[in-house]
Enquirer: 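Sharing a structure, written as C-alpha cells. Questions coming.
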Amino acid sequence: MGIRIRAATMEEIGRAADVLEDAIAWAAERRFESWPARTFRDPAGWGRRVLGEALDAGGLFLVERTGTVVGTLSLLPSDERFWPGAPPDGLYLHRFAVRRSASGAGVGAAALAWCEGEVRRRGRRFLRLDCLCGNPGIRRYYERAGFRHRGDVAAGVVRLSLYEKDVSGSPGP
C-alpha cells in the first residue's frame, strides 16, 4: 500500500492543517458533527496552537501514501484534560484525519496499526482517544477497530466519547 508515517516538521504544520480541514468539510457534507471550519487554518486560532504543541512535544505526524500526505495524527504521552489521573500506561491519539481522496484505501487502519505499534514500542498498554459523541460515523469506525467505549465527558458545550484499546495482548479487565 506504500504507507509511511513520519514526524512532521515546523514547515509542515500547514499540511497537517490542510488534511484536518479536508476532513472537516467531508464530515459537514455527511452531516456529521466535527470541528468548525477553519479551526486549523487560522494562524492565531486554537487548532493551529494545538498542532504546534503536538509538534513541540514530538507528537505531530504525517501519513504519506506513495509520497503524498494523505493523513495526520497527534500521538501524545498524556491527556490530563480528558483522561485525568490515568496511569502512565497509554498513549493518546488526537486530531487523526485522512483525506477523503484516500478514504477506503486502508490508510486509517494502517495509521491505527502504527499507533498500536508505538504504544507497544514505548512499553505502554493502551491506545486512548476522544471523539465527538454526536458523530456516529467516527464512533462506529473506532468500535469496528476494536476500541471500547469508556464513558463520555463534557468539554464546555461539547460532549466527547472516550475510547480505549488494549494493544498489549494481555487479558484485560
Enquirer: Report yes or no: do F61 and I13 belong to one cluster of Ile/Leu/Val/Met/Phe/Trp/Tyr joined by side chain heavy-atom distances under 4.5 Å?
Expert: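 No, separate clusters.
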Enquirer: Quick check: do C115 and F96 have side-chain heavy atoms less than 4.5 Å from each other?
Expert: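 They are not in side-chain contact.
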Enquirer: Quick check for you: to the nearest 0.5 Å, what is the distance between L93 atom CG and S74 atom OG?
Expert: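 Here the rounded value is 8.0 Å.
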Enquirer: Do E164 and R128 pass the salt bridge (charged side-chain N to carboxylate O under 4.0 Å, His left out) test, and can you show the C-alpha distance, the side-chain angles, and the key distance before you say yes or no?
Expert: CA-CA 4 Å; E164 174 180 83; R128 296 183 177 121; 2.6 Å; yes
Enquirer: Identify the two heavy atoms, one from G71 and one from V19, that lie closest to each other, and give their separation to 0.1 Å.
Expert: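 Answer, listing the atom of G71 first, then V19: CA-CG1, 3.7 Å.
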Enquirer: In Å and rounded to the nearest 0.5 Å, what is the OH to CG distance from Y92 to L75?
Expert: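 Answer for the OH-CG pair, Y92 versus L75, is 11.0 Å.
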Enquirer: Under 4.0 Å between a side-chain nitrogen and a carboxylate oxygen: does that hold for E118 and R121?
Expert: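 Here E118 pairs with R121 in a salt bridge, since their nearest N and O are under 4.0 Å apart.
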Enquirer: Determine, stepwise, if the pair V153 / L162 fulfils side chain to side chain contact (heavy atoms under 4.5 Å, CB included).
Expert: CA-CA 7 Å; V153 297; L162 302 177; 3.7 Å; yes
Enquirer: Of the non-hydrogen atoms in G146 and K165, which two are nearest, and what is the gap between them?
Expert: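 The answer is O-CG, 3.7 Å.
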Enquirer: Please check if L55 and W46 belong to a single hydrophobic cluster, counting links between Ile, Leu, Val, Met, Phe, Trp and Tyr side chain heavy atoms closer than 4.5 Å.
Expert: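 In one cluster: yes.
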Enquirer: Classify the ring geometry of F147 against Y142: parallel below 30°, tilted from 30° to 60°, perpendicular beyond 60°.
Expert: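 The rings of F147 and Y142 stand perpendicular, inter-plane angle above 60°.
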Enquirer: Let me check something: do V98 and I24 share a hydrophobic cluster, defined by ILVMFWY side-chain heavy atoms less than 4.5 Å apart, either directly or through other members?
Expert: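 They do not share one cluster, since no chain of ILVMFWY contacts under 4.5 Å joins V98 to I24.
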Enquirer: Could you measure the distance from the CZ atom of R125 to the CG atom of D166? Nearest 0.5 Å is fine.
Expert: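 Between atom CZ of R125 and atom CG of D166 there are 4.0 Å.
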Enquirer: Measure across A105 and R65 and return the closest heavy-atom pair with its distance rounded to 0.1 Å.
Expert: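 Closest pair (atom of A105, atom of R65, distance): CB-NH1, 3.0 Å.
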Enquirer: Could you go through the side chain to side chain contact (heavy atoms under 4.5 Å, CB included) check for V63 and W114 one step at a time?
Expert: CA-CA 10 Å; V63 182; W114 179 86; over 6 Å; no
Enquirer: When hydrophobic residues are tied together by side-chain contacts of less than 4.5 Å, even through go-betweens, does L129 share a cluster with Y141?
Expert: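 The answer is yes; both residues are in one hydrophobic cluster.
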Enquirer: Should D79 and D130 count as side-chain neighbours, where that means a heavy-atom distance under 4.5 Å?
Expert: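 Heavy-atom side-chain distance check passes, below 4.5 Å.
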Enquirer: Indicate the ring-plane relationship of F82 and H94, choosing parallel, tilted or perpendicular according to the 30° and 60° boundaries.
Expert: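 Tilted.
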Enquirer: Find the distance between CZ (R99) and CG (L20) and round it off to the nearest 0.5 Å.
Expert: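 Those atoms lie 9.5 Å apart.
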Enquirer: Backbone N or O of A37 within a donor-acceptor pair of the E21 side chain at under 3.5 Å?
Expert: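 Absent.
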Enquirer: With no hydrogens and no angle check, is any side-chain donor or acceptor of R124 less than 3.5 Å from a backbone partner on P77?
Expert: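 Yes.
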Enquirer: Please name the pair of heavy atoms, one in A16 and one in L60, separated by the smallest distance, quoted to 0.1 Å.
Expert: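 In this case the closest contact between A16 and L60 is CB-CD1, 4.3 Å.
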Enquirer: So which atom in D152 and which in R159 form the shortest heavy-atom distance, rounded to 0.1 Å?
Expert: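 Where D152 meets R159 most closely, the heavy atoms are CB-NH2, 3.2 Å.
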Enquirer: How long is the straight-line distance from CD1 of I5 back to CG of L62, given to the nearest 0.5 Å?
Expert: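 If I round to the nearest 0.5 Å, the distance is 10.0 Å.
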Enquirer: Roughly how far, to the nearest 0.5 Å, is the CD atom of E116 from the CG atom of L91?
Expert: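 It comes to 11.5 Å.
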Enquirer: Is there a continuous path of hydrophobic side-chain contacts, each under 4.5 Å between heavy atoms, that joins L76 to M10?
Expert: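 No, separate clusters.
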Enquirer: Should R139 and L132 be marked as a side chain to side chain contact (heavy atoms under 4.5 Å, CB included) after you check the CA-CA gap, both sets of side-chain angles, and the distance that decides it?
Expert: CA-CA 8 Å; R139 292 185 67 180; L132 293 166; over 6 Å; no
Enquirer: I need the minimum non-hydrogen distance between Y163 and C131, along with the two atoms involved.
Expert: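 Reported closest heavy-atom pair: CE1-SG, 3.8 Å.
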Enquirer: Would D22 and R100 satisfy salt bridge (charged side-chain N to carboxylate O under 4.0 Å, His left out), going step by step from the backbone distance to the final call?
Expert: CA-CA 7 Å; D22 183 69; R100 80 176 92 188; 3.7 Å; yes
Enquirer: For a 4.5 angstrom cut-off between non-hydrogen side-chain atoms, does F126 reach W83?
Expert: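 Not touching, per the 4.5 Å side-chain cut-off.
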